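Worksheet: one structure, shown below.
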Amino acid sequence: MIAITLPDGTIRSFPSGSTGLDIALSIGRKLAQDALALKVDGKAVDLGMPLTADAAIEILTFDSPEGKNVFWHSASHIMAQAVEELFPGSRFGAGPAIDQGFYYDIASPHRFREPDLRQIEERMLEIGRRDITITREEMPRDAAIEFFSTVRQDPYKVEILEDTLKQVDTVSLYHQDKFTDLCIGPHLTSTSKLKAVLLTNISSSFWRGDSSRENMQRIYGIAFPSEKLLKEYAARIEEAKRRDHRKLGAELELFMLTPEVGSGLPIWLPKGAIIRNELESFLKEEQRKRGYLPVYTPHIGNIELYKRSGHYPYYSDSQFPPLTYHDEDGSQEQYLLKPMNCPHHHLIYSNRIRSYRDLPIRLTEFGTVYRHEQSGELNGLVRARGFTQDDSHIYCRPDQLVDEICNAIDLTQYVFSTLGFSSVQTRLSMHDPANQAKYGGTPEVWEQAEKDVKEAADRMGIDYFIGIGEASFYGPKIDFIVRDALDRKWQLGTVQVDYVMPERFDLSYVGSDGQKHRPVVIHRAPFGSMERFIGVLIEHTAGNFPLWLAPVQAIVLPIAEDIHDYAKSVHQAMLAAGIRTEIDIRSEKVGKKIRDAEVGKIPCMIVVGQKEQENGEVSLRRHRIGDAGRFSLNGMIEQLQKEITGRT
RNA sequence: GCUGAUGUAGCUCAGUCGGUAGAGCACUUCCUUGGUAAGGAAGAGGUCAUCGGUUCAAGUCCGAUCAUCAGCUCCA
C-alpha cells in the first residue's frame with residue numbers, strides 16, 4: 001500500500017500500482033469523468049501512470065491552467081492526426097498548447113484554406129467519437145530517431161531529436177491509432193474527452209522561429225471538453241471585439257488612420273484630442289510638483305547625433321530613411337526623423353556647466369518620434385509609426401540614483417492607479433550576459449546598473465519578475481506591462497537606467513572636489529506612448545471614460561420644445577463652469593435622446609422639463625447607472641466639478 | 001518583411017449563374033411636443049479600394065498594387 005496525500009491535506013492509502021484514475025474514482029464519479037491528468041509531487045503526469053510510492057497528488061481538470069494545458073496539447077495531437085488522415089504527406093513541426101488553445105506547425109503539399117478548417121474540425125470530433133486510447137511509450141533516443149526516420153518519415157521530429165534533445169537518453173512517444181508524436185506529455189487517456197473544437201486561423205511560421213528556415217503552415221485552434229464551454233469562449237471573444245480600440249476609436253470619433261496620410265500615422269480627432277490633452281495636463285501637473293523642467297525639441301535631427309548616441313547603428317532598419325540635403329558646394333547633410341528624444345535632451349544638459357548642487361536635473365517633453373515599424377506589426381494606436389512619448393531624462397549623481405528611480409516608479413504607479421489599471425505586471429528587464437555584443441557599456445557598469453534597479457524595485461515593494469535579455473542596449477529597465485481586451489500584453493510605462501549615454505555624450509558635472517564627474521541618466525515614461533496608452537485605456541474602459549477624461553462630459557436633454565430656452569441656459573451655465581457639455585434639441589422623444597447619449601457613452605445626461613424649469617433644477621442621469629435624482633443647477637455643477645478635479 | 005484572409009453608402013452588411021447596386025442605422029426636411037435606452041413619413045447619399053486584363057457586357061472572373069485584419073518575425 002502507498003500513502004497518497006490529497007490537495008486538502010488528507011492522506012489515504014491505495015494499493016501500489018494504483019493510477020490517477022483509480023484515485024479519482026475513489027473520490028467521486030464526477031471527478032473521474034473530469035480528470036485529465038495527474039500532478040504527482042508537483043509534476044504533471046498521465047492519468048494512467050501507476051503510482052508505486054507515497055506521493056502528494058492533485059487531479060488536474062479543465063478548471064486549472066495545467067489541466068487546460070494538457071487538454072489543448074492533446075487537442076493539437078488530435079488535430080495533427082486529423083490533418084494526416086485528410087491530407088496525406090503532411091509533416092509535423094511543433095504543436096504546443098498556448099495561453100488560449102493550441103497550434104501545430106505543418107509542412108504539407110496541401111495549401112490550407114478556411115474551408116479545410118471546418119473539415120479538420122469535423123474529423124477531430126470524429127476521432128474523439130472513435131474513443132482512441134492514447135498510450136505513452138518510452139524508448140532510447142536512437143530508437144526514436146530510427147522510428148521517425150523510417151516509420152513516420154518526419155524529418156522535423158528527427159531534427160528535434162538530433163538537435164534539441166541531443167543530451168537526452170530516453171524520450172517519450174505518444175501513440176493514438178496510426179498517429180505517433182514525439183512528446184514529453186502528459187496527455188489525455190483517450191481522444192473521447194474532446195467534445196468541442198474551433199480552429200481559428202491559418203498563418204505561417206518559420207521552422208524553429210528562424211527566418212532563414214522554411215515556412216510552415218500554422219493552424220491555430222482551441223478545444224473544450226464541452227459545447228457549453230466553447231459557447232462561453234465565443235461570447236468572450238465577441239466582448240473583446242466590442243472593446244477593440246480600433247472599433248471604438250472610430251465609433252466614438254477619437255482618432256483616424258488613413259493611407260492618405262500614411263500607414264501607422266494616427267490622426268487625433270477633436271474628441272480623442274481632449275482625452276490626450278487631459279492626460280497630458282494631468283502628468284504635467286504632477287511633474288511640476290516633482291521638480292521636472294519642460295523643454296521642446298525639433299522633430300528631426302542631424303544623423304550624426306543618432307550615430308553618436310548609438311541609436312542609428314543599432315536600429316537603422318526600423319527608422320524612416322534619412323532625409324538628404326545637398327549644399328551648393330557639393331557637401332551633403334543627412335537628417336533623421338527623430339526616433340528618440342534622449343540625444344536632444346543630453347545636448348540641453350551639456351549646454352552649460354552643471355554643478356553637483358544642480359543635480360538631479362529632470363528634463364521633460366511630450367516628444368513625438370517616428371519609427372518605421374514593419375507593416376505586419378502595425379496595430380491601431382498601440383503599434384504606430386508616429387507616436388508621442390511622455391519622455392523625461394533625469395540627470396543625477398550616482399548617490400542619487402536609487403532615490404530617483406524610486407521617484408520615477410512612484411510617479412508611474414500613481415499614474416496607473418489614477419487611470420484604474422489594477423493588474424499591471426512589472427518586469428525588471430536585464431541584459432543577457434551571453435549576448436554582450438548587443439549592449440553598450442562594460443560588464444561592471446551593467447552589474448552596478450542592475451543592482452541599483454533591483455534595490456529601487458525592492459525598496460518600492462513592487463512585485464516584479466525578471467526578464468533576461470529584455471534590457472535596452474544602454475541599460476536595464478523596469479517595464480510596466482498591461483493586457484488589452486484581447487489579452488495581448490503591452491508595455492506601457494518604463495523606467496530605464498543608463499550609464500552609457502553619459503559616456504557617449506561626455507556629460508559631466510563639477511563635484512564638490514572641483515573635478516569633473518559623470519552623471520547617470522534615467523529615462524522614464526509613465527504612459528510610454530500617448531497613443532498606445534490611450535489605445536489600451538479605450539479597451540480597458542470599453543470607451544466608458546471617467547468623467548474627467550470623457551470628451552463630452554454632459555448633454556442637456558430638453559423634454560419638449562417649450563423647454564429649449566431653459567435647456568439652453570443650463571447648457572450655457574455648464575459651459576461657463578468649464579464642463580464639456582452638449583445639448584440635444586432635435587425633435588425626438590426623451591427616450592430616444594437618452595438612448596443616443598447612452599450609446600455615445602456620455603457620462604452625464606441632464607434631463608430638463610417643466611418640473612425642472614419651474615424650480616431652476618435639473619434631473620441627472622448617469623451613464624450605465626440611470627436616474628440619479630433632481631438637483632439645483634448649481635448644486636449639480638459643483639458636484640460634477642468636484643468629481644472632475646478629483647479625477648475619480 | 002513573410003503566410004493567409006478581407007476591402008460594396010458615414011457605420012453594419014446583402015448582392016444568386018457575369019447583364020450598369022440594395023437594406024438597417026446615421027444624415028436632411030416635414031409631421032409629431034414627449035418624463036429616463038429606438039414616434040412617423042419623405043429625401044439625399046456609390047468611380048463597388050486602386051490600376052490593368054478577359055468579355056458584347058465585370059461589384060461578380062484573372063493579375064498587380066494599396067490598405068486593413070490574424071499570425072510569424074522584429075521591437076528603443
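It should be emphasised that the depicted structure is a prediction, and the values quoted were computed from it without experimental measurement. The chains referred to below are lettered A, B, ... by the order of the sequence lines, with proteins before strands, and numbering in each begins at 1.
- Side chains of A:D452 and A:Y499: a donor-acceptor N/O pair is present below 3.5 angstrom, by distance only.
- Across all strands shown, B:U47 remains unpaired; no Watson-Crick or G-U wobble contact has both distances below 3.5 Å.
- Atom-to-atom, CG of A:L248 to C1' of B:C11 comes out at 13 Å; the value is rounded to the nearest Å.
- OP1 and OP2 of B:C25 both lie 4.0 Å or more from every side-chain N or O belonging to A:K592.
- To the nearest whole angstrom, the two C1' atoms, one in B:G45 and one in B:G10, are 9 Å apart.
- In summary, A:R586 and A:D596 engage in a salt bridge, as defined by a charged side-chain N under 4.0 Å from a carboxylate O.
- Look at the P atom in both B:C48 and B:G7: the space between them is 15 Å, to the nearest Å.
- Counting any heavy atom pair closer than 4.0 Å across all strands shown, A:K593 reaches no nucleic acid atom.
- The base of B:C75 sits with one of its N or O atoms less than 3.5 Å from a complementary donor or acceptor on the side chain of A:R383.
- The existence of a salt bridge linking A:R524 and A:E404 is excluded, since no basic side-chain nitrogen approaches an acidic carboxylate oxygen closer than 4.0 Å.
- A:D627 and A:R621 are not joined by a salt bridge, as no carboxylate oxygen comes within less than 4.0 angstrom of a charged side-chain nitrogen.
- Within 4.0 Å of A:E588, counting heavy atoms only, lies at least one base atom of the nucleic acid.
- A:K477 and A:E470 are not joined by a salt bridge, as no carboxylate oxygen comes within less than 4.0 angstrom of a charged side-chain nitrogen.
- Base contact: A:V607 has a heavy atom under 4.0 Å from a base atom.
- For the P atom pair drawn from B:A58 and B:C62, the interatomic distance equals 15 Å after rounding to whole Å.
- One can place CD of A:E614 at 16 Å from P of B:G35, the figure rounded to the nearest angstrom.
- Figure legend. B:C11 is base-paired to B:G24; pairs are counted as Watson-Crick or G-U wobble with both atom distances under 3.5 Å.
- Residue contacts for A:L378: at a heavy-atom cut-off of 4.0 Å it reaches the sugar-phosphate backbone alone, with no base atom in range.
- As a whole-Å value, the separation of A:R624 CZ from B:A37 P is 16 Å.
- Between A:N379 and B:U68, a side-chain N or O to OP1/OP2 separation shorter than 4.0 Å is absent.
- Using a 4.0 Å heavy-atom cutoff across all strands shown, A:Q610 reaches at least one base atom of the nucleic acid.
- Within the nucleic acid shown, A:P339 comes within 4.0 Å of at least one base atom, counting heavy atoms only.
- As rounded to whole Å, 15 Å separates atom P of B:C75 from atom CD1 of A:I481.
- Residue A:S263 places at least one side-chain N or O closer than 4.0 Å to OP1 or OP2 of B:U68.
- The nucleotide B:A41 finds its pairing partner in B:U29, both defining distances of the Watson-Crick or G-U wobble pair being shorter than 3.5 Å.
- At the phosphate of B:C72, OP1 or OP2 sits under 4.0 Å from a side-chain N or O atom of A:Y220.
- Nucleotides B:A44 and B:A21 are separated by 16 Å at their P atoms, to the nearest Å.
- Counting to the nearest Å, the P atom of B:C30 and the CD atom of A:E561 are 11 Å from each other.
- A:G376 comes within 4.0 angstrom of a nucleotide base, judged by non-hydrogen atoms across all strands.
- Of the charged side-chain nitrogens involved, none lies within less than 4.0 Å of a carboxylate oxygen, so that A:R118 and A:E122 do not count as a salt-bridged pair.
- Considering only side-chain N and O atoms, A:S375 lies under 4.0 angstrom from the phosphate OP1 or OP2 of B:G1.
- Across the C1' atoms, B:G15 and B:G46 are found 14 Å apart, a figure rounded to whole Å.
- Base contact: A:S619 has a heavy atom under 4.0 Å from a base atom.
- Rounded to whole Å, the P atom of B:A64 lies 16 Å from the corresponding atom of B:U60.
- A sub-4.0 Å separation between OP1 or OP2 of B:C69 and a side-chain N or O of A:R246 is present.
- When heavy atoms are screened at a 4.0 angstrom cut-off, A:R218 is found touching the sugar-phosphate backbone but no base atom.
- Residue contacts for A:E260: at a heavy-atom cut-off of 4.0 Å it reaches no nucleic acid atom on any strand shown.
- Under the Watson-Crick or G-U wobble criterion, with both distances below 3.5 Å, B:A5 is paired with B:U68.
- B:C69 and B:G22 are spaced 26 Å apart, taking the C1' atom of each and rounding to whole Å.
- Pair assignment for B:G19: B:C56, on the basis of Watson-Crick or G-U wobble contacts that are both within less than 3.5 Å.
- Within 4.0 Å (heavy atoms only), A:E253 reaches no atom of the nucleic acid at all.
- Of the P atoms belonging to B:U50 and B:G59, the separation is 11 Å, rounded to the nearest Å.
- Within a 6.0 Å sphere centred on CZ of A:F465, other residues, nucleotides and ligands contribute more than 12 heavy atoms.
- Between A:Y474 and A:H523, the distance separating the two ring centers is shorter than 6.0 angstrom.
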